[in-house]
Structure formats: structure tokens, C-alpha cells
Amino acid sequence: MRAYLVSSDGGPDAIQRVERPDPMPGPGAVRVAMRAASLNYRDKMVALGGYPRNDSRPVVPLSDGAGVVEAVGEGVTEFAVGDRVVNCFFRDWVAGEPDDAIMRTAHGGGIDGVLAERVVFPERALLPIPGDLSFEEAACLPCAAVTAWQSLFVKGGLTAGQSVLCLGTGGVSVFALQLAKAAGATVFITSSSDEKLERARELGADGTVNYKATPDWHKEVRKLTDGRGVDHVVEVGGPGTLAKSMRASALNGRIGLIGVLTGADGEVNPLPCVFERLSIHGIYVGSREMFADMNRHIAANGIRPVIDRTFPFDDAIAAYKHLQSGAHFGKVVVTIDAD
Ligand SMILES: NC(=O)c1ccc[n+]([C@@H]2O[C@H](COP(=O)([O-])OP(=O)(O)OC[C@H]3O[C@@H](n4cnc5c(N)ncnc54)[C@H](OP(=O)(O)O)[C@@H]3O)[C@@H](O)[C@H]2O)c1
């Protein structure tokens with residue numbers, strides 16, 4: 001079968017195409033003929049090296065995929081040949097609080113990922129595709145959507161009528177917008193592009209701010225909330241945005257600390273956390289249980305992942321470059337068609 005392999009820290013251009021024998025499912029395992037995979041910002045970090053805890057070499061890249069069950073090992077009870085499935089980001093995080101060994105089982109980083117024609121998973125690392133989502137749509141869910149879900153609903157405890165701020169229009173933020181709107185929240189979103197903000201409004205955003213044209217976007221968010229601030233922030237920016245996210249937050253607000261799009265270094269004054277009683281939660285994707293809960297929300301509300309562009313398997317490196325350009329809105333997908 002065809003697969004890609006990250007063997008160095010040379011970035012997307014150094015990712016190799018390889019031929020590997022078809023993997024065979026052992027007891028409790030399932031072989032999936034992959035049909036689609038999606039990219040996340042972290043896949044660029046994996047290709048460049050230094051991704052915390054999950055930086056094995058060589059490793060098949062990408063954490064998020066969907067496909068069809070092709071073969072099942074002895075003792076498999078949840079899946080049968082022909083089932084449409086999506087994989088979990090962490091192979092071993094089923095439920096509860098994870099330990100360090102579990103945290104090292106991130107697909108496409110700590111262990112082999114899904115940019116291959118066939119992948120064997122333990123059945124605990126798979127879920128049925130929710131509703132009538134296509135393989136391409138389902139492949140968007142494991143990292144970006146589950147991260148947004150954990151931030152807003154598991155750690156954040158979001159309820160109808162609350163307000164949410166999403167930063168930028170990448171994979172995590174667009175899912176946060178969709179999941180929160182479906183739960184009856186009022187959602188604000190920022191972007192560097194007015195055109196992307198218009199698309200966000202079409203998806204239901206109640207208020208938008210161009211963070212390039214309005215560098216003090218936190219003040220604009222406060223204005224949009226009549227001076228109160230938002231109940232939840234999905235914080236993907238890191239040191240360059242965190243101080244403003246705190247200032248955009250309402251008393252008792254909750255911030256899901258997710259990403260470092262502005263880089264990992266920088267000083268942040270923590271005092272607003274004290275005087276505004278803010279809670280900041282570190283989020284690292286989520287468990288299979290969270291994924292399953294989210295899938296019920298997706299199916300019940302008819303949420304469809306937003307795919308910016310799809311690339312064929314042979315052009316997977318072009319998909320990395322498209323993600324790297326920042327031109328996308330939502331998710332970038334690679335289609336896979338096993339021989
Ligand atoms: N902790 C976790 O479990 C977890 C899971 C998933 C992702 N992450 C992290 O979360 C971040 C986002 O990941 P992703 O996959 O959603 O990325 P992505 O799809 O590549 O999103 C990139 C988008 O972020 C926006 N952006 C860039 N700089 C910004 C800034 N200064 N302020 C506001 N928005 C900015 C831009 O949106 P516009 O073009 O609209 O300006 C850009 O297009 C990354 O740092 C990633 O590593 C963490």
C-alpha cells in the first residue's frame with residue numbers, strides 16, 4: 001500500500017512517499033481502508049519536529065481520518081466489514097483522565113497516523129461516522145472538532161444563551177462557531193479577512209471583528225456585548241492574543257487554552273484572571289467518550305464540517321502548503337482511494 005512518512009525535521013517538503021505491506025488486524029483490531037484524512041496546524045509542527053510528547057521518527061503523518069472497515073480481528077464486537085468509521089486522535093484515550101502513556105498515543109505524531117491507504121486500529125480507537133457525513137466531512141472531526149467540543153462543553157460547560165468568542169477562521173475556530181451556535185450560544189469571531197468574516201456570518205456568527213484592521217479587537221468584542229464581555233473564549237492564538245482574550249471575557253468567563261498561532265513565547269499579565277474570576281483550561285483534543293458525545297450533537301443538529309479544499313492523495317504535500325498559507329476557511333482535506 002501507499003503511505004507517507006515523516007523521517008526528519010525537514011518540514012512538509014521532506015515528507016517521503018513509501019510503499020508498505022498491507023497491515024493485518026490482530027485480536028481486537030480493525031483494518032480500515034482510508035477514504036479521507038484532514039490536516040491540522042499541528043501536522044506542520046510534527047513535520048518540523050519539536051511537537052511536545054508526540055514526536056516519533058519515522059512516523060506516518062496526520063491524526064484525522066475516515067474510511068471503511070475492511071477486515072476485523074478476533075474478538076472485535078463493535079464493528080463489522082463495510083462499516084463507515086472515523087478514528088480518534090489518541091489511540092488509547094477512551095474516557096476519564098488520561099495518564100502520560102495515553103497522551104503519547106497521538107496518531108500522526110507519537111504513533112503512526114492515517115496518511116496511508118490502510119490503517120489498523122484497536123476497535124477502541126474508532127467510532128461510527130455520525131449521521132450522513134461524507135468520509136471527507138467525517139475526517140475533519142477527530143482533532144479540531146473534539147478540541148472545540150472539550151473547550152466549550154466539557155471544560156466550559158456551555159449552556160444556551162451564553163456568549164462565545166472564536167479567534168480566526170481555522171479548523172478549531174470554525175467548528176467552535178458551529179458547535180456553539182447549535183447549542184443556542186451567541187458567537188463572535190475574529191479574522192484577518194473581511195471575506196472570511198462574511199462566510200462566518202453565513203454560518204451564524206452574531207458579531208465579527210477584523211483583528212488586522214482593529215488591533216484592539218477585545219475592546220470591539222466588549223462593545224458588541226454591551227460592555228459585559230463573553231462567557232467563553234476558544235483561545236488558539238497563545239501569548240499574542242491571551243491578554244486580549246482575558247480582557248474580552250466577562251466576569252466568571254472561561255478560556256480554553258488551545259493553541260499558539262502567535263508563537264510560544266511572550267509575557268502575559270495574569271491579573272484579570274483574579275479580578276474577573278476567569279478560569280483558564282489547558283485543552284489537548286479529547287477522549288473517545290467526548291468524541292462520541294460530540295457526534296450526537298453533530299447528528300442531532302445537522303452540523304456539516306466546513307471543507308475549504310480537498311487534495312488527492314498524490315498531492316498531499318500541496319495540502320500542507322495550502323494550510324501553511326493561511327488562505328483556508330475551516331478544514332483542508334486529502335482524499336484517499338485504496339487500490
Ligand atoms: N490543544 C489542542 O488540543 C489543539 C488542537 C487543535 C489545534 N490546536 C492549536 O490551535 C491552533 C489552531 O489550530 P487549527 O488547526 O485550527 O489551525 P488552522 O486551521 O491552521 O488555523 C489558522 C488560522 O488561524 C487564524 N490566526 C492566525 N493568527 C491569528 C491571530 N493572531 N489571531 C487570530 N487568529 C489567527 C487565521 O485565521 P484568519 O485567516 O481568519 O485570520 C488562520 O487562517 C494551532 O496553534 C494548533 O496547534 C491545539
Side-chain angles (χ1 to χ4, degrees), residues 38-48 50-54 62-64 88-90 93 98 103 106-109 140-151 154-155 165-178 188-201 203 205 208-218 221 233-245 248 255-264 266 280-287 290-291 305-309 319-333:
S38 83
L39 280 82
N40 294 284
Y41 186 86
R42 62 83 86 155
D43 298 311
K44 185 185 75 175
M45 296 162 76
V46 166
L48 288 167
Y51 182 65
R53 259 210 207 89
N54 284 289
L62 304 195
S63 55
D64 299 9
C88 300
F89 180 88
F90 290 106
W93 191 6
M103 290 274 95
H107 286 110
C140 296
L141 301 175
C143 178
V146 176
T147 299
W149 176 263
Q150 183 181 183
S151 177
V154 182
K155 295 292 187 186
L165 171 62
C166 309
L167 304 184
T169 58
V172 173
S173 301
V174 171
F175 269 122
L177 163 64
Q178 293 179 288
F188 304 96
I189 190 163
T190 70
S191 175
S192 56
S193 151
D194 288 340
E195 197 188 324
K196 290 182 179 182
L197 290 174
E198 183 52 42
R199 292 190 63 190
R201 273 191 288 272
L203 281 175
T208 59
V209 186
N210 185 316
Y211 64 82
K212 281 270 183 323
T214 309
D216 282 345
W217 46 267
H218 57 297
V221 171
V233 183
V234 179
E235 224 312 328
V236 292
T241 53
L242 182 55
K244 291 179 181 177
S245 291
I255 298 176
L257 204 57
I258 291 168
V260 288
L261 287 168
T262 61
I280 299 188
H281 300 282
I283 305 291
Y284 195 3
V285 192
S287 67
M290 294 176 202
F291 195 170
V306 177
I307 297 175
D308 179 83
R309 237 178 114 176
Y320 273 83
K321 291 185 175 165
H322 183 58
L323 189 87
Q324 222 165 354
S325 77
H328 61 291
F329 178 95
K331 295 290 295 175
V332 178
V333 169

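Residues take their numbers from the sequence shown, with the count starting at 1. Atoms considered below: every heavy atom in the structure, side chains included; atoms not considered: hydrogens, waters and symmetry mates. For ligands, and for the atoms within them, numbers begin at 1 and follow the listed sequence.
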among protein heavy atoms, the one nearest atom 1 (N) of ligand 1 is I283 O, 2.6 Å
Judged by heavy atoms only, the candidate from L39, T190, V236 nearest atom 12 (C) of ligand 1 is V236
Counting from 1 in the order shown, the ligand 1 atoms closer than 4.0 Å to a non-hydrogen atom of V285 are 2 (C), 3 (O)
_For ligand 1, which is the ligand I care about here, please tell me if L323 has any N or O atom under 3.5 Å from one of the ligand's N or O atoms._
no
Shortest non-hydrogen pair, N54 vs A106, comes out as OD1-N, 3.3 Å
Taking every heavy atom of H328 against every heavy atom of G170, the minimum-distance pair comes out as NE2-CA, 4.2 Å
*Hey, does S191 come in under 3.5 Å of ligand 1, counting only N/O atoms on both sides?*
yes
Numbered in order shown, the ligand 1 atoms found under 4.0 Å of a heavy atom of V260 are 45 (O)
On a heavy-atom basis, the closest approach of T147 and V285 is OG1-CA, 3.3 Å
Q: Please indicate whether any nitrogen or oxygen in G330 is less than 3.5 Å from any nitrogen or oxygen in ligand 1.
A: no
When every non-hydrogen atom of D64 is compared with those of C140, the smallest separation belongs to OD2-O, 4.2 Å
Among non-hydrogen protein atoms, atom 5 (C) of ligand 1 lies closest to T147 OG1, 3.1 Å
Here the atoms of ligand 1 under 4.0 Å from any heavy atom belonging to T169 are 37 (O), 38 (P), 39 (O), 40 (O)
Nearest non-hydrogen contact to atom 44 (C) of ligand 1 from the set Y41, W217, F175 belongs to Y41
heavy-atom search around atom 39 (O) of ligand 1 in the protein gives K196 NZ, 2.7 Å
Under 3.5 Å between any N/O of T241 and any N/O of ligand 1: does that happen in this structure?
no
Atom 29 (C) of ligand 1 has as its nearest protein heavy atom Y211 OH, 3.4 Å
For ligand 1, find out whether one of its N or O atoms is nearer than 3.5 Å to an N or O atom of G171.
-> yes
Atom 21 (O) of ligand 1 has as its nearest protein heavy atom G170 CA, 3.2 Å
Just so I know, are the side chains of D308 and R199 near enough to count as touching, which here means a heavy-atom distance under 4.5 Å?
yes
Closest non-hydrogen contact found for Q178 with V306 is NE2-CG2, 3.7 Å
Of all heavy-atom pairs linking G286 and Q150, the shortest is CA-NE2, 3.8 Å
A student checking ligand 1 against G168 at a 4.0 Å heavy-atom cut-off should list atoms 25 (C), 33 (C), 34 (N), 37 (O), 40 (O)
**Prompt:** Among the heavy atoms of H328, does any lie under 4.0 Å from an atom of ligand 1?
**Reply:** yes
Give the C-alpha distance, both sets of side-chain angles, the deciding distance and a yes or no for side-chain contact (heavy atoms from CB on, under 4.5 Å) between R201 and I189. CA-CA 9 Å; R201 273 191 288 272; I189 190 163; over 6 Å; no
the protein heavy atom lying closest to atom 9 (C) of ligand 1 turns out to be G259 CA, 3.5 Å
Yes or no on side-chain contact (heavy atoms from CB on, under 4.5 Å) for L141 and F175, after CA distance, side-chain angles and deciding distance?
CA-CA 9 Å; L141 301 175; F175 269 122; 3.9 Å; yes
Quick note on ligand 1: atoms under 4.0 Å from a heavy atom of G326 include exactly 39 (O), 43 (O)
Exercise. With the side chain counted from C-beta on, respond yes when F89 and V146 share a heavy-atom pair under 4.5 Å apart, and no when they do not.
Key: no
For S192, the atoms of ligand 1 under 4.0 Å from one of its heavy atoms are 38 (P), 39 (O), 40 (O), 41 (O)
- When only distance counts, is C143 in polar contact with ligand 1, meaning an N/O pair under 3.5 Å? no
Here the atoms of ligand 1 under 4.0 Å from any heavy atom belonging to V172 are 6 (C), 7 (C), 16 (O)
Walk me through it: do E235 and I258 pass the test side-chain contact (heavy atoms from CB on, under 4.5 Å)? CA-CA 6 Å; E235 224 312 328; I258 291 168; 5.7 Å; no
Does the protein put a heavy atom less than 4.0 Å from atom 42 (C) of ligand 1? no
**Prompt:** Taking side chain as C-beta onward, heavy atoms only, is L167 less than 4.5 Å from W217?
**Reply:** yes
Counting from 1 in the order shown, the ligand 1 atoms closer than 4.0 Å to a non-hydrogen atom of T262 are 31 (N)
Judged by heavy atoms only, the candidate from L167, V174, L261 nearest atom 24 (O) of ligand 1 is L261
Centroid-to-centroid, F90 to Y284, below 6.0 Å? yes
Would you say I258 has any N or O atom under 3.5 Å from an N or O of ligand 1, going by distance alone? yes
Apply the test side-chain contact (heavy atoms from CB on, under 4.5 Å) to residues S63 and R42: give CA-CA distance (whole Å), side-chain angles for both, the deciding distance (0.1 Å), then the verdict.
CA-CA 9 Å; S63 55; R42 62 83 86 155; 3.4 Å; yes
